[in-house]
Amino acid sequence: MIFYNREVELQLLNEVKKLSYKSSKMTVVFGRRRIGKTKLILKSAEKNAFLYFFVARKDEKLLCSEFAEEAQNKLGIKILGNIDKFKDLFELLLNHSIHKPFTLIIDEFQEFNRINPAVFSEMQNIWDQNKDKTKLNLILSGSVYTLMKKIFEHSKEPLFGRADEKINLKPFSIDVLKQIFSENAVQKNMKDLLAFYTITGGIAKYVEIFNDKKAFTLNKMLDVFFRENSLFLEEGKNILIEEFGKEYAIYFSILSLIASFKTSRSEIESILGKDIGGYLDKLENEYYIIKKIKPLLAKGSSRTQKYLIDDNFLSFWFRFVYKYRSAVEIENFDYLKDIVKRDFDSYSGPFLEKYFLEKTALSKKYNIIGNYWEKGNQNQIDLVAINQTTKNILFAEVKLYIDKASVALLKEKAKNIRNKYKSYKATYSTLSIDDM
């Protein structure tokens with residue numbers, strides 16, 4: 001697949017690279033697995049001298065031997081004897097950059113926490129002493145989000161405050177997904193575009209897989225997703241078990257319920273029979289997997305709220321893979337595909353709402369955007385957008401099929417908000433998959 005998007009991130013990486021010709025610079029790249037961190041970094045480095053180290057879970061001595069061989073082959077650095085400690089190799093490479101500036105990429109950097117946690121303080125000491133007189137463009141990347149945040153953003157950690165730039169790589173925007181779909185799909189069916197967005201969530205690797213398989217219809221996507229040796233079937237587990245540790249079972253249960261639209265704390269607790277407040281807090285504020293949604297204009301103290309999985313792919317995985325793991329185990333893929341097809345209209349509805357929320361945000365026409373509902377889930381409005389400068393307010397009802405929408409009903413549900421914004425010009429809109 002051709003390299004799409006990431007212009008802003010590439011520009012930043014190139015700017016830092018130029019600055020590193022005067023003194024060493026450190027850039028940290030965060031992001032969940034499969035988001036495209038490595039491709040982005042290698043793209044930025046492709047026209048210059050660079051070294052790429054992948055930190056596998058091996059003995060430090062063995063890693064250093066592999067890294068030293070790579071340094072000799074790629075940069076022609078002469079290394080005499082054996083290097084057993086990464087700190088010694090790092091210092092050698094840093095000093096080499098004094099006369100020959102280059103880029104050093106260390107991927108899955110957080111794995112040093114398992115191999116030798118002292119590496120972080122050793123690197124900090126070497127970096128602080130040498131960065132001003134050397135010319136290394138150091139890029140550190142990792143996909144275990146909690147560990148990377150801890151290493152670089154906790155004030156008690158040795159590498160806190162050392163990064164010159166940080167990039168939190170996000171999924172492709174809906175505009176990029178539409179571009180990829182438009183350029184590669186034979187049939188431009190909007191329900192298939194919704195499926196493309198709902199299943200991949202803009203995660204680069206998943207988009208690439210569907211693109212390579214020419215899977216741009218719902219049926220073809222499901223054929224790629226549910227098959228023997230599919231990467232997708234173990235993906236949720238592979239991404240999250242390391243993050244959650246020994247308590248992964250309770251986290252998985254909570255996420256499975258949220259993916260099935262059990263979105264309130266009381267609903268989840270009644271099913272699981274236990275207090276989950278601490279788990280929800282960690283899922284939101286430590287793991288960044290769910291987010292708390294309150295009605296637009298609700299007070300900060302309001303207890304009217306819902307929880308949603310922020311990652312489209314993980315939501316799909318928990319709803320149709322984890323929930324039906326018995327069928328996955330016996331490889332009854334036809335059964336699983338039938339379940340998705342049966343439920344897809346009702347399941348994808350909230351993602352169509354999310355799509356239009358993102359589309360409205362990208363328009364840059366409003367400064368407040370969100371959902372609205374009142375106590376007891378009354379007067380639900382799918383999209384409300386407000387521009388407090390121009391005094392415009394948009395109310396939109398989102399339905400898969402336009403004949404299910406009603407402007408008259410929308411106006412009725414919007415009365416309480418209109419009473420608060422009497423001087424604003426109101427627009428009422430109905431949106432469907434045809435408007436994607």
Asn184 side chain to Ile180 main-chain N or O, any donor-acceptor pair under 3.5 Å?
yes

Contact summary for Ile203 and Arg33, nearest pair of heavy atoms
CG2-O, 4.3 Å

So, Glu91 versus Asn95: side-chain donor-acceptor pair below 3.5 Å or not?
no

With a 4.0 Å cut-off on N to O distance, would you call Lys37 and Glu108 a salt bridge?
no

What's the verdict on salt bridge (charged side-chain N to carboxylate O under 4.0 Å, His left out) for Glu157 and Lys150, showing C-alpha distance, side-chain angles and the deciding distance?
CA-CA 7 Å; Glu157 294 296 318; Lys150 179 176 182 287; 3.0 Å; yes

Measure centre to centre between the rings of Phe225 and Phe316, then say whether the value is under 6.0 Å.
yes

Sequence neighbours left out, what pairs pass side chain to side chain donor-acceptor pair (under 3.5 Å) with at least one residue falling in residues 51-66?
Tyr52-Asp107, Arg57-Glu111, Arg57-Glu242, Lys58-Glu66, Glu60-Asn116

Donor-acceptor pair, distance only, cut-off 3.5 Å: does the side chain of Lys220 make one with the backbone of Lys213?
no

Sidechain-backbone polar pair: Trp317 side chain, Leu233 backbone, donor-acceptor under 3.5 Å
yes

A quick test of your reading: do over 12 heavy atoms of other residues, nucleotides or ligands sit less than 6.0 Å from OH of Tyr248?
no

Does the plane of the ring in Phe313 sit parallel, tilted or perpendicular to the ring in Phe232? Use 30° and 60° as the thresholds.
tilted

Quick test of your reading: applying side chain to side chain donor-acceptor pair (under 3.5 Å), list the pairs with at least one residue in residues 382-396, sequence neighbours left out, ordered by first then second residue.
Asn367-Gln388, Asn387-Thr390, Thr390-Asn392

Between the side chain of Ser432 and the main-chain N/O of Asp434, is any donor-acceptor distance below 3.5 Å?
yes

Would you call Glu15-Lys18 a salt bridge at under 4.0 Å N-O?
no

Counting N and O atoms only, with roles assigned by atom type, does the side chain of Thr134 sit under 3.5 Å from a partner on the main chain of Asn130, one being a donor and the other an acceptor?
yes

List the steps and the verdict of salt bridge (charged side-chain N to carboxylate O under 4.0 Å, His left out) for Asp88 and Lys85.
CA-CA 6 Å; Asp88 297 326; Lys85 295 290 184 182; over 6 Å; no

Got more than 12 heavy atoms from elsewhere within 6.0 Å of NZ, Lys214?
yes

I need the Leu13 CG to Leu40 CG distance, nearest 0.5 Å.
5.5 Å

Over all atoms of both residues, closest heavy-atom pair of Tyr279 and Glu247
OH-OE2, 3.0 Å

Is the side chain of Asp281 donor-acceptor paired with the backbone N or O of Gly277 at a distance under 3.5 Å, no angle test?
no

If only side-chain N and O atoms count, and only distance matters, is there a donor-acceptor pair under 3.5 Å linking Glu235 with Tyr206?
yes

Count the heavy atoms of every other residue, nucleotide or ligand shown that sit under 6.0 Å from NZ of Lys188, and state whether that count exceeds 12.
yes

For the residue pair Tyr197 and Tyr355, does the interplanar ring angle fall in the parallel (under 30°), tilted (30 to 60°) or perpendicular (over 60°) class?
perpendicular

Inspect the contact between Arg227 and Glu331 and indicate whether a charged nitrogen and a carboxylate oxygen are less than 4.0 angstrom apart.
no

Electrostatic pair Lys359:Asp175 at N-O distance under 4.0 angstrom
no

Do Tyr288 and Tyr145 make the cut of ring centroids closer than 6.0 angstrom?
yes

Just do the side chain to side chain contact (heavy atoms under 4.5 Å, CB included) check on Leu92 and Ile83 with the steps written out, would you?
CA-CA 10 Å; Leu92 184 152; Ile83 294 180; 4.2 Å; yes

Hey, would you say the Tyr372 and Phe395 ring centroids sit under 6.0 Å apart?
no

Just wondering, more than 12 heavy atoms not from Asn73 lying within 6.0 Å of its CG?
yes

Check: Phe152 ring centroid to Phe160 ring centroid under 6.0 Å
no

Under the criterion side chain to side chain contact (heavy atoms under 4.5 Å, CB included), I'd like the reasoning laid out for Phe109 against Phe120: C-alpha separation, chi angles, the key distance, then a yes or no.
CA-CA 10 Å; Phe109 181 70; Phe120 304 134; 3.5 Å; yes

Are the side chain of Ser264 and the backbone of Glu267 linked by a donor-acceptor contact shorter than 3.5 Å?
yes

Where do Phe102 and Leu93 come nearest, in terms of heavy atoms and distance?
CE2-O, 3.5 Å

Can you tell me how far apart CG (Asp334) and CD1 (Ile339) are? Round to the nearest 0.5 Å.
12.0 Å

Would you confirm whether Asp192, through its side chain, and Leu218, through its main-chain N or O, come within 3.5 Å as a donor-acceptor pair?
yes

Considering residues, nucleotides and ligands other than Lys282, do more than 12 of their heavy atoms fall under 6.0 Å from its NZ?
no

Aromatic contact, Phe320 with Phe344 (centres under 6.0 Å)
no

Does Glu329 pair with Arg325 as a salt bridge, N-O distance under 4.0 Å?
no

Sidechain-backbone polar pair: Thr103 side chain, Phe50 backbone, donor-acceptor under 3.5 Å:
no

Under 3.5 Å, which donor-acceptor pairs link side chains of residues 249-257 to any protein atom two or more places apart or in another chain?
| unit_1 | atom_1 | unit_2 | atom_2 | d |
| --- | --- | --- | --- | --- |
| Ser253 | OG | Ala249 | O | 3.0 |

Quick check: are there more than 12 heavy atoms from other residues, nucleotides or ligands sitting under 6.0 Å from CD of Glu69?
no

His154 NE2: over 12 foreign heavy atoms closer than 6.0 Å:
yes

Can you tell me if Tyr347 and Ser315 form a side-chain donor-acceptor pair at under 3.5 Å?
yes

Using a strict 4.0 Å threshold on nitrogen-to-oxygen distance, state whether Lys399 and Asp435 make a salt bridge.
no

Looking only at atom types and distance, does a side-chain atom of Lys135 sit under 3.5 Å from a main-chain N or O of His96, one as donor and one as acceptor?
no

Could you tell me if Glu183 and Gln179 have a donor-acceptor pair between their side chains, going purely by distance under 3.5 Å?
yes

